[in-house]
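Working notes for the structure below.
First the proteins, then the strands, lettered A, B, ... as listed; each starts at 1. Just the heavy atoms: all of them, side chains too, but no hydrogens, waters or symmetry mates, feed the values below.
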There are 2 protein chains.
Amino acid sequence: MKIGELAKATGTQVETIRYYEREGLLPETTRTEGNYRIYGEAHAERLSFIRHCRSLDMTLEEIRVLLRFKDAPNENCGEVNALLDEHIGHVAARIRELRSLERQLKGLRDLCQEARDAAHCGILNELARQGSEGGSSAAGHVHGAHGRSVERKSIKDKRK
Amino acid sequence: MKIGELAKATGTQVETIRYYEREGLLPETTRTEGNYRIYGEAHAERLSFIRHCRSLDMTLEEIRVLLRFKDAPNENCGEVNALLDEHIGHVAARIRELRSLERQLKGLRDLCQEARDAAHCGILNELARQGSEGGSSAAGHVHGAHGRSVERKSIKDKRK
DNA sequence: CTTGACTCTTTAGTTGCTACAGGGTTTCCA
DNA sequence: TGGAAACCCTGTAGCAACTAAAGAGTCAAG
């Protein structure tokens with residue numbers, strides 16, 4: 001099948017497939033005379049595996065490790081367990097961070113119940129306070145903990 | 001004060017300050033003869049405000065909106081409340097996603113209790129299954145929901 | 001034979017920084 | 001006074017995992 005069919009079959013975008021090939025997650029395929037990539041069932045399965053892992057929020061690097069195990073079926077899979085345990089740890093840590101963040105945000109929101117002028121807005125005033133390290137509030141550790149991005153989307157809609 | 005002092009005073013990196021200036025979050029400053037930026041208290045407060053917002057995981061775009069309100073203190077701050085409510089919604093949604101993810105990962109982990117050869121590893125076998133839409137498992141909605149990245153860090157340590 | 005759908009490569013954009021490279025300036029200490 | 005260290009400047013490239021678009025070629029149907 002051609003790349004568009006593979007894309008449809010796996011629910012992946014065409015560009016993403018080419019990207020995975022560049023990244024070495026999918027092997028380079030044979031081509032038609034017209035230089036079109038052609039794929040078989042094995043490719044579809046491998047791509048499904050990758051997408052499944054991605055839906056579990058694994059990084060491409062983690063997936064690379066798992067693929068190495070799939071490609072070497074006689075290896076001991078202890079490292080697979082370890083990788084998954086570590087990934088679970090990441091997710092759990094991020095949940096804890098976000099919960100602390102949620103508490104802070106709700107506390108902040110409570111400072112301004114109704115709309116008035118910005119100069120007296122409890123939220124803006126609180127955000128302007130020198131919080132830095134005086135208040136050892138969760139801000140410090142939430143911030144440093146690397147898990148960026150809560151969501152994006154309204155942004156890209158905007159340019160449409 | 002010079003940029004390094006401002007950086008120390010607010011716990012921000014120098015490059016980050018210059019970046020905020022490029023992005024229009026901080027105004028361009030006057031310079032010394034030697035072309036050094038000089039800052040005053042107002043700059044320090046504004047930067048603290050920004051960093052405080054960032055520690056609450058707001059995007060620069062959201063912060064831009066808040067700064068507009070701070071700069072126009074007679075405006076009605078209803079939009080501030082709305083922005084914060086929306087942000088809280090993002091965080092809550094991401095928490096729900098991650099919890100669902102955590103459940104899936106733990107279920108997956110249970111499939112392989114001890115290390116054996118990769119060909120019989122329950123985890124690898126499960127991940128290889130065509131999950132797509134057959135299983136309407138959380139995979140679908142977790143994936144599409146835009147909140148990428150659980151954490152990163154071991155990666156950058158590697159290059160040291 | 002032409003239109004449209006598909007494919008190709010290459011490049012740049014996204015977010016919020018961080019880290020250079022390759023300079024100039026200031027300050028401190030001997 | 002001289003020279004090294006510590007600071008500052010601009011500009012550019014890199015991170016993750018794509019996404020989009022430019023500009024060109026290929027293929028199938030009407």
Its contact letters, B for base, S for sugar-phosphate only and - for none at protein heavy atoms under 4.0 Å, make nucleotides 22-30 of chain D read ---BBS---

So, is [X] close to the [N] phosphate, meaning a side-chain N or O under 4.0 Å from OP1 or OP2?
X	N	answer
Tyr20(B)	dC17(C)	yes
Arg22(A)	dT19(D)	no
Arg37(A)	dT7(C)	no
Gln13(A)	dT19(D)	yes

Which atoms of nucleotides 1-3 of chain C (N or O only) lie under 3.5 Å from a protein N or O atom, and what are those distances?
none

Tell me what Arg18(B) touches on the nucleic acid: a base, only sugar-phosphate, or nothing, going by heavy atoms under 4.0 Å.
base

Once you apply a heavy-atom cut-off of 4.0 Å, does Glu23(B) come out as touching a base, just sugar-phosphate, or nothing?
nothing

Salt bridge (Lys or Arg N to Asp or Glu O under 4.0 Å) with [X]: which residues, sequence neighbours excluded?
X	result
Arg99(A)	none
Arg96(A)	none
Lys106(B)	Glu102(B)
Glu23(B)	Arg64(B)

Could you list the residues that satisfy side-chain contact (heavy atoms from CB on, under 4.5 Å) with Glu21(B), not counting sequence neighbours?
Glu28(B), Arg31(B), Arg37(B), Tyr39(B)

By side-chain contact (heavy atoms from CB on, under 4.5 Å), which residues pair with Glu79(B), not counting sequence neighbours?
Val65(B), Phe69(B)

Among residues at least two apart in sequence or on other chains, which ones pass side-chain hydrogen bond (donor to acceptor under 3.5 Å, both in side chains) with Arg22(B)?
none

Name all residues meeting the side-chain hydrogen bond (donor to acceptor under 3.5 Å, both in side chains) criterion together with Asp71(A); count only those two or more places apart in sequence or in a different chain, and write none if there are none.
Arg46(A)

Side chains of Glu62(A) and Leu84(A) in contact at under 4.5 Å (non-hydrogen atoms):
no

Work out how much the helix from dC1(C)-dG30(D) to dA30(C)-dT1(D) bends between its end axes, five pairs an end, to the nearest 10 degrees.
20°

According to the ring-ring contact (aromatic ring centres under 6.0 Å, His included) rule, which pairs have a member within residues 7-36 of chain A, sequence neighbours left out?
none

